[in-house]
Amino acid sequence: MTAREIISKQFIPVLAGEDSNTALRLMNEQWVKHLPVVEDGKLIGLLRREDLIILDPKENIDQHVIMDPGSYINEDDHLLRVIKHMVELKLTPIPVV
């Protein structure tokens, strides 16, 4: 089984340029501590809840996006690799590119 086969079509990422309040609301609604940030349909990084809760609610999220090579996986990666990455990085969702 590959990552492509388990992608959630219902998960909502946050758009680049949004404010921290919007990102925190999406995290709460989806019960996650990390949120992919996309721009023009492409992943630009991840946000962590602990980084956002200290921000002003209207502050732009763009300066707080993390782009670590290990913070995403490829769609052809095996399910065990997906799980390993999520556990090692303590991610709640993991973006699939």
Side-chain angles (χ1 to χ4, degrees):
M1 182 174 281
T2 63
R4 179 183 317 118
E5 298 172 70
I6 59 170
I7 294 174
S8 172
K9 305 290 188 219
Q10 298 167 342
F11 190 83
I12 302 169
V14 68
L15 301 175
E18 292 284 357
D19 58 47
S20 63
N21 194 44
T22 300
L24 283 170
R25 181 182 49 78
L26 284 170
M27 285 180 180
N28 288 337
E29 289 173 358
Q30 299 179 93
W31 294 80
V32 295
K33 294 181 181 179
H34 305 87
L35 200 58
V37 181
V38 297
E39 184 173 41
D40 298 325
K42 295 184 181 184
L43 176 70
I44 61 169
L46 281 178
L47 289 173
R48 294 184 302 208
R49 180 178 179 79
E50 62 259 21
D51 293 338
L52 294 178
I53 58 175
I54 60 172
L55 300 180
D56 180 287
K58 298 294 180 192
E59 187 171 340
N60 187 299
I61 61 168
D62 292 352
Q63 303 106 15
H64 304 281
V65 175
I66 300 166
M67 190 53 172
D68 179 354
S71 62
Y72 62 90
I73 52 155
N74 295 310
E75 65 180 359
D76 293 326
D77 285 346
H78 191 274
L79 176 61
L80 294 177
R81 180 174 163 83
V82 174
I83 294 169
K84 179 182 178 200
H85 266 44
M86 290 181 76
V87 169
E88 285 175 352
L89 298 173
K90 300 178 182 166
L91 295 174
T92 45
I94 189 163
V96 178
V97 294

Minimum-distance pair of heavy atoms, taken over all atoms of A3 and V82: CB-CG2, 3.8 Å
For M27 and L47, work out which heavy atoms get closest and say how close. CE-O, 3.7 Å
Return yes if some donor-acceptor pair links the side-chain N/O of D77 with the main-chain N/O of N74 below 3.5 Å, else return no. yes
How long is the span from the CZ atom in R81 to the CE atom in M86, to the nearest 0.5 Å? 14.0 Å
Show the nearest heavy-atom pair for residues P93 and P36, with the distance to one decimal. CG-CD, 4.5 Å
Inter-residue atom distance K33.NZ - R49.CZ, 0.5 Å rounding: 8.5 Å
With a 3.5 Å distance limit and no angle check, can you tell me whether E18 reaches the backbone of A23 through a side-chain donor-acceptor pair? no
CD1 of I7 to CD of Q10, rounded to nearest 0.5 Å, is 13.0 Å
Measure the CG-NE2 distance between L89 and H34 for me, rounded to the nearest 0.5 Å. 8.5 Å
State the CG-CG distance between L55 and L24, to the nearest 0.5 angstrom. 8.0 Å
How close do V65 and G45 get, counting heavy atoms only, and between which atoms? CG1-CA, 3.4 Å
About how many Å separate CD of Q30 and CG of L35, when rounded to the nearest 0.5 Å? 6.5 Å
Considering only heavy atoms from C-beta outward, does the side chain of L15 approach that of V38 to under 4.5 Å? yes
Which pair of heavy atoms, one from H64 and one from N60, lies closest together, and at what distance? CD2-O, 3.8 Å
